[in-house]
Engineer: 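Take this structure first; my questions come after.
Numbers for residues simply follow the sequence, beginning at 1. Given the structure is predicted, the values throughout are model-derived calculations rather than measurements.
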Amino acid sequence: MANPIAAAVGTRLERYREIASVLSRHGLSFIIGATGLDRFEPAAQEQTRASNPENLRRALEELGPTFVKLGQVLSTRSDVLPPAYLTELAKLQDRAPVVPAAVIKRLIVEELGDQPDKVFASFQLKPLASASIGQAHLATLHDGTEVVVKVQRPDIATNIAIDLEILHTLAVRASRQWKLAADYNITGITDEFARTLREELDYTHEGRNAETFAANFAGDDTIQIPRVFWDTSTTRVLTLERITGIKVDDLVALDAAGIDRRGIVVHAVDAIAQMVFVDGVFHADPHPGNLFVEASGRIGLIDFGMVGQIDDTLRGQLADLFMALSRHDPDRMASALMALSSSKSSIDQESLRADLVGFIDIYRGKGLGEVDTAALINKLLAVLRHNRLQLQPSIVMLLRMLLMVEGMGVLLDPTFNLGDALKPYATKLALSKFSPAAIARRLAAAGLEAAELGIELPDKIRKVFDVIDRNGIEVHLRASELDPLVARVERVGNRVVAGVIAAAFIRGIGELAVSDRKRFGHWSGPLMGIGLGASGALSAYIALTSMRRRRQN
């Protein structure tokens with residue numbers, strides 16, 4: 001009987017060898033060395049002659065679906081890769097050979113319990129489209145509804161799981177051996193990619209996303225979202241209402257049908273604005289193949305496998321960035337970008353500020369309608385890349401989506417400018433930070449944090465005296481060590497909260513001194529004095545630091 005564990009290990013080793021061989025053949029030995037694939041590298045073989053970006057694209061195509069999708073994700077990461085790589089990786093296409101009809105029939109039986117012509121009134125075995133994870137087939141339900149049935153490829157989940165495991169291992173090794181990989185958090189990027197790809201493998205996730213968008217746009221007659229038919233859907237089969245119309249980039253057909261192209265752009269921008277600024281859930285892949293226009297001008301939106309989310313915290317951070325942009329303030333912009341980003345290395349804030357001063361000069365004195373939004377976004381991403389800041393995944397998806405929308409808008413209406421179109425929504429978002437409801441939420445949060453500080457301090461002080469009792473006192477106090485506490489205090493009310501903390505400090509020491517005189521004896525009085533002095537010094541330090549920071553700002 002075959003040993004499944006040995007078989008699995010063998011499969012992984014074979015895949016490691018295959019990856020090393022493909023990278024070596026395409027002249028990418030620097031990746032082999034950085035990821036520790038040296039021991040799998042084959043003997044000298046003839047190499048392709050092309051630039052490194054082109055070689056990388058070809059290697060990813062040869063390595064199959066997981067690596068193609070990784071390349072497509074990296075093609076959007078202007079904050080990580082230079083332009084030459086982005087341009088080349090953007091050429092990656094999600095193509096795959098057609099799955100034989102017999103295999104499709106077997107998969108339908110496994111998932112839905114019967115042959116396709118029994119489950120559906122009709123089912124076309126010739127696919128409408130074929131991609132790396134699955135392929136789409138036209139079908140009709142027994143009530144006459146036309147649908148599209150997505151069927152996942154056999155064994156694709158197992159193969160992708162092995163690749164994702166290997167990618168994680170290679171990313172960890174690269175981060176240990178290559179400082180640049182660690183600085184750009186390659187492990188984090190790979191893990192986020194793995195999470196989204198695993199979600200894409202579960203078709204119920206896409207179905208739930210479609211229902212979320214349908215609910216958000218209920219009653220809007222300018223946008224159509226396909227219905228999900230759960231009776232004929234599983235994790236590997238998804239049945240959706242068929243959306244028909246003219247592809248949004250087919251300008252000849254749109255004009256022939258007498259459809260107002262500028263009206264399409266207006267509807268699309270309104271829909272995007274609602275997703276981003278109101279619902280907090282947006283379609284992250286609105287390329288032309290996912291958008292159809294009906295004769296009435298209504299836009300049909302399909303494919304909800306890639307969706308981004310913006311919560312209240314992220315929305316507030318975006319508001320800070322918009323305000324900094326509008327004020328041409330490099331310091332506030334640096335703070336906003338760092339809040340929206342992560343980095344594994346220390347950030348040179350002076351370098352970041354200098355880069356942002358140059359960035360601001362590009363659009364200073366210009367209205368949004370005079371600025372090329374795509375160029376502006378790409379320049380900002382270049383600043384992030386130079387300073388080794390990586391944006392949060394949701395922000396990367398948002399910027400990618402906005403660039404797609406601008407490309408579509410300019411195609412339909414050459415006078416279109418995304419910045420001009422989104423200005424009212426961005427302004428509203430920035431002002432919302434100062435609405436009574438928003439201020440009330442921040443005050444409530446500040447009050448809770450202040451209360452926590454007041455409650456926690458006496459207990460922590462008791463623990464300090466337990467240590468004093470056992471080991472005596474040795475104090476090494478540096479002002480820099482108080483900075484984290486000061487930062488926290490400033491968030492909840494500066495000097496007012498300093499007073500609360502001081503009171504808690506005095507109360508805690510006072511209670512200890514009064515309630516346990518036997519324990520401290522003649523130390524009770526001095527301890528009370530220490531408490532008063534320390535709390536006063538702490539309050540003074542907090543107040544002075546706050547004043548200093550306000551002057552600097």
Engineer: Is there a side chain to side chain contact (heavy atoms under 4.5 Å, CB included) between Met401 and Leu398? Walk through the geometry before answering.
Structural biologist: CA-CA 5 Å; Met401 180 270 288; Leu398 175 62; 3.6 Å; yes

Engineer: Indicate the atoms forming the closest heavy-atom contact of Gly71 with Leu60, along with that distance.
Structural biologist: CA-CD1, 3.7 Å

Engineer: Taking the side chain as C-beta and beyond, is there a heavy-atom pair between Arg400 and Met397 under 4.5 Å?
Structural biologist: no

Engineer: Are Thr235 and Tyr203 side-chain neighbours, meaning at least one heavy-atom pair lies under 4.5 Å?
Structural biologist: no

Engineer: Can you name the closest pair of heavy atoms from Gly308 and Ala284 and give their distance?
Structural biologist: N-CB, 4.1 Å

Engineer: Given Arg195 and Glu192, is the salt bridge (Lys or Arg N to Asp or Glu O under 4.0 Å) satisfied, shown in steps?
Structural biologist: CA-CA 5 Å; Arg195 184 189 67 76; Glu192 176 62 22; 2.6 Å; yes

Engineer: Going from CG on Leu384 to CG on Leu340, what distance comes out if it is rounded to the nearest 0.5 angstrom?
Structural biologist: 9.0 Å

Engineer: Identify, with sequence neighbours excluded, every residue that meets salt bridge (Lys or Arg N to Asp or Glu O under 4.0 Å) alongside Asp202.
Structural biologist: none

Engineer: Pick out which of Val248, Asp303, Ile302, Asp249 makes a side chain to side chain contact (heavy atoms under 4.5 Å, CB included) with Leu291.
Structural biologist: Val248

Engineer: So Asn290 and Asp285, do their side chains get closer than 4.5 Å, heavy atoms only?
Structural biologist: yes

Engineer: Check Val73 against Phe193 and note the closest heavy-atom contact, atom names and distance.
Structural biologist: CG2-CD1, 3.8 Å

Engineer: Could you check whether any side-chain heavy atom of Thr204 comes within less than 4.5 Å of a side-chain heavy atom of Leu238, counting everything from C-beta outward?
Structural biologist: no

Engineer: Tell me whether Arg262 is salt-bridged to Asp413, with the criterion being a basic N under 4.0 Å from an acidic carboxylate O.
Structural biologist: yes

Engineer: Could you tell me the separation between the CG atom of Asp163 and the OG1 atom of Thr158, rounded to the nearest 0.5 Å?
Structural biologist: 11.0 Å

Engineer: Can you check whether Ala131's main-chain N or O pairs, donor with acceptor, with Arg153's side chain at less than 3.5 Å?
Structural biologist: yes

Engineer: When rounded to the nearest 0.5 angstrom, what is the spacing between NE2 in His283 and CE in Met306?
Structural biologist: 9.5 Å

Engineer: Which residues satisfy the ring pair (Phe, Tyr, Trp, His ring centres under 6.0 Å) test with Phe282, sequence neighbours excluded?
Structural biologist: none

Engineer: Would you say that Tyr85 contacts Leu56 through its side chain, given a criterion of any heavy-atom pair below 4.5 Å between the two side chains?
Structural biologist: yes

Engineer: Walk me through whether Leu352 and Met338 qualify under side chain to side chain contact (heavy atoms under 4.5 Å, CB included).
Structural biologist: CA-CA 10 Å; Leu352 176 60; Met338 285 192 288; 4.1 Å; yes

Engineer: Report the distance from atom CD of Gln152 to atom CD of Glu111, rounding to the nearest 0.5 Å.
Structural biologist: 8.5 Å

Engineer: Which pair of heavy atoms, one from Ala210 and one from Val228, lies closest together, and at what distance?
Structural biologist: CB-CG2, 3.9 Å

Engineer: Indicate yes or no: at least one non-hydrogen side-chain atom of Ile246 is less than 4.5 angstrom from one of Phe292.
Structural biologist: no

Engineer: As a test of understanding, state which of Leu92, Ile133, Thr196 forms a side chain to side chain contact (heavy atoms under 4.5 Å, CB included) with Lys69.
Structural biologist: Ile133

Engineer: Answer with yes or no whether the side chains of Asp348 and Asn387 bring together a donor and an acceptor at under 3.5 Å.
Structural biologist: no

Engineer: Within the side chain of Gln392, is there an N or O that forms a donor-acceptor pair under 3.5 Å with the backbone of Ala339?
Structural biologist: yes

Engineer: Decide whether Thr187 and Ser175 meet the rule of one side-chain donor and one side-chain acceptor closer than 3.5 Å.
Structural biologist: yes

Engineer: Is it true that a side-chain atom of Glu241 and a backbone atom of Pro226 form a donor plus acceptor pair closer than 3.5 Å?
Structural biologist: no

Engineer: Nearest 0.5 angstrom please: Thr313 OG1 to Leu318 CG, how far?
Structural biologist: 11.0 Å

Engineer: So, using side chain to side chain donor-acceptor pair (under 3.5 Å) as the criterion, who are the partners of Arg176 when residues are at least two apart?
Structural biologist: none

Engineer: State plainly whether the residues Glu206 and Lys150 are in salt-bridge range, i.e. N to O under 4.0 Å.
Structural biologist: yes

Engineer: Checking side chain to side chain contact (heavy atoms under 4.5 Å, CB included) for the pair Leu381/Leu399: CA distance, chi angles, key distance, verdict?
Structural biologist: CA-CA 10 Å; Leu381 290 171; Leu399 291 178; 3.8 Å; yes

Engineer: Looking at Ser75 and Ala90, what are the two nearest heavy atoms and their distance?
Structural biologist: CB-N, 3.7 Å

Engineer: Just jot down the ring pair (Phe, Tyr, Trp, His ring centres under 6.0 Å) partners of Phe416, sequence neighbours excluded, or say none.
Structural biologist: none

Engineer: Where is the tightest heavy-atom contact between Val147 and Phe229, given as atom of each residue plus distance?
Structural biologist: CG1-CE1, 3.7 Å

Engineer: Less than 4.0 Å between a side-chain N and a carboxylate O, is that true for Arg298 and Asp221?
Structural biologist: no

Engineer: For Thr232, which residues count as a side chain to side chain donor-acceptor pair (under 3.5 Å) partner, sequence neighbours excluded?
Structural biologist: Thr239

Engineer: Kindly indicate whether the side chain of Phe67, heavy atoms from C-beta on, has any atom under 4.5 Å from the side chain of Leu167.
Structural biologist: yes

Engineer: For Arg236 and Val151: C-alpha separation, side-chain torsions, deciding distance, then whether side chain to side chain contact (heavy atoms under 4.5 Å, CB included) applies.
Structural biologist: CA-CA 6 Å; Arg236 297 203 298 164; Val151 184; over 6 Å; no

Engineer: Flag the pair Glu350 and Arg353 as a salt bridge only when some basic side-chain nitrogen lies within less than 4.0 angstrom of an acidic carboxylate oxygen.
Structural biologist: no

Engineer: With a cut-off of 6.0 Å (strictly less than), are more than 12 heavy atoms of other residues, nucleotides or ligands near NE2 of His386?
Structural biologist: no

Engineer: Taking atom CG as the centre, does Asp231 end up with more than 12 heavy-atom neighbours from other residues, nucleotides or ligands that are less than 6.0 angstrom away?
Structural biologist: no

Engineer: For residues 266-280, which side-chain N or O atoms pair as donor and acceptor with protein atoms under 3.5 Å away, sequence neighbours left out?
Structural biologist:
from: Asp270; atom 1: OD1; to: Tyr425; atom 2: OH; distance (Å): 2.7
from: Gln274; atom 1: NE2; to: Asn216; atom 2: O; distance (Å): 2.9
from: Gln274; atom 1: NE2; to: Asp279; atom 2: OD2; distance (Å): 3.1

Engineer: How long is the straight-line distance from CD of Glu294 back to CD1 of Ile243, given to the nearest 0.5 Å?
Structural biologist: 7.0 Å

Engineer: Hey, does Leu164 have a side-chain heavy atom less than 4.5 Å from the side chain of His168?
Structural biologist: no

